[in-house]
Number of protein chains: 2
Amino acid sequence: MRRTRFDDWPCPIARTTDLIGDWWTPLVMREAFLGRKRFDEFIDALGIPRAVLTDRLDRLVTEGLLRKVTYEERPPRFEYKLTEKGLAFYDVLAAMWRWGADWQWGDEAPPIKLVDRDTGKEVVPAVVDENTGQRIDVRRLRVRPR
Amino acid sequence: MRRTRFDDWPCPIARTTDLIGDWWTPLVMREAFLGRKRFDEFIDALGIPRAVLTDRLDRLVTEGLLRKVTYEERPPRFEYKLTEKGLAFYDVLAAMWRWGADWQWGDEAPPIKLVDRDTGKEVVPAVVDENTGQRIDVRRLRVRPR
DNA sequence: CTGAGTAAGTTCAACAAACGAACTCACTCG
DNA sequence: CGAGTGAGTTCGTTTGTTGAACTTACTCAG
């Protein structure tokens, strides 16, 4: 009995869930955004079992979020670099960041924040409707066939 | 050897991952947003194994995203309703929707879209910096202690 | 030329979680 | 009294996770 797959469901949430719906993949992506590139860098940063990391990196490469690049021929050594698709995934992590910061801490704020390297100002992710620039009112949302 | 937990890591992404980092929880939440409330409605909509649904609903209730409400005393019958925390979670699903729609379909668009019930116009989720209203430039982001 | 070191994995045994079918429980309704 | 219903629980099987040990393909210091 294999784990149920959602990668052919006709819903964008289902297909995204199929990819990141496990404990490690979002954190592997987080580390990639923090500049981690090599196998043992991910191991040291996350404490993820080696076999699981192998599996997740392979999946992210075949799905096109990471690219495996040889940076040394002999002995063979590799780096995992974010692709355009992988970079675009930051939006999902940012939304998770925002919700987690708002709701998964008690009264205090989390001990870390996001800042803009150039302006030094805090960056606070928010999800809006691209057409109006306003936050989305869930109660008014409907799903329709295209 | 229990599944590794992230619910006490000092990072909002890790804590959010601990909650939704499995293949069913985001879809259970999706169905809740589509108006599903009863146990067998979730079963019918998702095809999720009953024992797994029991586990996920319990988790979402203890985490405060759903509230279990008795709607009939005898025989005892229940509904699962979104709390404020659960409603706020829509942002994460919206970001997943956007990324999935942009990157997990080939050239076509997904067969469904989000619309505003009142205006009828399509709603296109986007993640921005709340302070600037602009999309976030990943390359300029840094993580800092608060 | 040997032995230590390193990056990037693979292998393995123990355990946990997911799967799907069948079963239970507390009722109501015809 | 028997069928039906909503909300689960139980169970045997299969799949996935964990962590430790091992492997491979080299380089470099002595």
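Naming: A, B, ... by sequence-line order, numbering from 1 per chain.
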Participant: In a check of side chain to side chain contact (heavy atoms under 4.5 Å, CB included) between Val28(B) and each of Leu46(B), Ile20(B), Val52(B), which one passes?
Facilitator: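 Going through Leu46(B), Ile20(B), Val52(B) one by one, the side chain to side chain contact (heavy atoms under 4.5 Å, CB included) with Val28(B) is satisfied by Leu46(B) alone.
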Participant: Do the side-chain N or O atoms of Thr4(A) get closer than 4.0 angstrom to the phosphate oxygens (OP1, OP2) of dC19(C)?
Facilitator: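 Answer yes for this pair, as a side-chain N or O of Thr4(A) is under 4.0 Å from OP1 or OP2.
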Participant: Could you please name the option among dT18(D), dC26(D), dA7(C) that lies closest to any side-chain atom of Pro76(A)?
Facilitator: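 For Pro76(A), the side-chain atoms sit closest to dC26(D).
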Participant: Compare side-chain N and O positions of Trp24(B) against OP1 and OP2 of dC19(C) and report whether any pair is under 4.0 Å apart.
Facilitator: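 The answer is yes; a side-chain N or O of Trp24(B) sits under 4.0 Å from OP1 or OP2.
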Participant: Taking any heavy-atom pair under 4.0 Å as a contact, classify Val52(B): base, sugar-phosphate, or nothing.
Facilitator: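 The residue Val52(B) makes sugar-phosphate contact but no base contact.
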Participant: Collect all protein-nucleotide pairs involving nucleotides 9-11 of chain D in which both atoms are nitrogen or oxygen and the distance is under 3.5 Å.
Facilitator:
none

Participant: May I ask you to evaluate whether Tyr80(A) reaches the phosphate of dA7(C), defined as a side-chain N or O under 4.0 Å from OP1 or OP2?
Facilitator: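 The answer is no; no side-chain N or O of Tyr80(A) sits under 4.0 Å from OP1 or OP2.
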Participant: Treating Lys113(B) as the side-chain partner and Val124(B) as the backbone partner, does any N or O pair qualify as donor plus acceptor under 3.5 Å?
Facilitator: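 Flag not set: sc Lys113(B) to bb Val124(B) has no pair under 3.5 Å.
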Participant: Can we say Lys37(A) and Glu79(A) salt-bridge, meaning some charged N sits less than 4.0 Å from an Asp/Glu carboxylate O?
Facilitator: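 No, this pair does not count.
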Participant: Please report, rounded to the nearest Å, how far the C1' atom of dG6(D) is from the CZ atom of Arg36(B).
Facilitator: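 One finds 17 Å between C1' of dG6(D) and CZ of Arg36(B), rounded.
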Participant: So, Asp22(A) and Arg56(A), do they make that salt bridge, N to O below 4.0 Å?
Facilitator: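 Looking at Asp22(A) and Arg56(A), the cut-off is met.
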Participant: Give the rounded distance in Å between these two atoms: CG of Asp44(B) and C1' of dT5(D).
Facilitator: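 It is 12 Å, rounded to the nearest whole Å.
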Participant: If you look at every strand shown and take non-hydrogen atoms under 4.0 Å, does Phe42(B) touch a base, only sugar-phosphate, or nothing?
Facilitator: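 If one applies the 4.0 Å heavy-atom cut-off, Phe42(B) turns out to touch nothing in the nucleic acid.
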Participant: Choosing from dG19(D), dA17(C), dA7(C), which nucleotide comes nearest the side chain of Pro49(A)?
Facilitator: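 Nearest listed nucleotide: dG19(D).
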Participant: If you restrict it to nitrogen or oxygen atoms, what contacts under 3.5 Å exist between nucleotides 27-30 of chain D and the protein, and what is each distance?
Facilitator:
none

Participant: Any salt bridge between Arg135(B) and Glu130(A), counting N to O under 4.0 Å?
Facilitator: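 Salt bridge flag = yes for Glu130(A) with Arg135(B).
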Participant: Between dA7(D) atom P and Ile48(B) atom CD1, what is the distance in whole Å?
Facilitator: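 It is 15 Å, rounded to the nearest whole Å.
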Participant: Take atom CD1 of Ile43(A) and atom P of dG9(C), then tell me their distance rounded to the nearest Å.
Facilitator: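 The distance from CD1 of Ile43(A) to P of dG9(C) comes to 10 Å, rounded to the nearest Å.
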Participant: Measuring from the side chain of Arg77(B) (C-beta onward, heavy atoms only), which nucleotide among dT18(D), dG16(D), dG6(D) has the closest atom?
Facilitator: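 Between dT18(D), dG16(D), dG6(D), the one nearest the side chain of Arg77(B) would be dG6(D).
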Participant: Atom CG of Asp55(B) to atom P of dA7(D): distance rounded to whole Å?
Facilitator: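 Those two atoms, CG and P, are 18 Å apart.
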Participant: Look at the side chain of Trp103(A) and the backbone N and O of Glu84(B), then say whether any donor-acceptor pair between them is shorter than 3.5 Å.
Facilitator: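 Flag not set: sc Trp103(A) to bb Glu84(B) has no pair under 3.5 Å.
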Participant: Write down the distance between CZ (Arg3(B)) and P (dG19(D)), rounded to a whole number of angstrom.
Facilitator: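 In whole Å, dG19(D) P lies 13 Å from Arg3(B) CZ.
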Participant: Can you establish whether the number of heavy atoms outside Arg74(B) located under 6.0 Å from its atom CZ is more than 12?
Facilitator: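 Not buried by this count: 12 neighbours or fewer within 6.0 Å.
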Participant: Within 45 degrees of the ring normal and closer than 6.0 Å to the centroid, is that where the cationic atom of Lys68(B) sits relative to Tyr80(B)?
Facilitator: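 No, Lys68(B) does not lie over the aromatic ring of Tyr80(B).
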Participant: Whole Å only: how far is the CG atom of Asp22(B) from the C1' atom of dA18(C)?
Facilitator: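 Rounded to the whole Å, the gap is 11 Å.
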Participant: Any Lys/Arg nitrogen of Arg146(B) or Glu122(A) sitting under 4.0 Å from an Asp/Glu carboxylate oxygen of the other?
Facilitator: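 The answer is yes: the pair qualifies as a salt bridge.
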Participant: Could you state the atom-to-atom distance from NZ of Lys68(A) to C1' of dA8(C) in whole Å?
Facilitator: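 That distance rounds to 8 Å.
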Participant: With respect to the phosphate group of dA8(C), does any side-chain polar atom (N or O) of Lys37(A) fall under 4.0 Å of OP1 or OP2?
Facilitator: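 The answer is no; no side-chain N or O of Lys37(A) sits under 4.0 Å from OP1 or OP2.
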Participant: Centre of Trp9(A)'s six-membered ring, under 6.0 Å away, within 45 degrees of the axis: is that where NZ or CZ of Arg15(A) sits?
Facilitator: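 No, Arg15(A) does not sit over the ring of Trp9(A).
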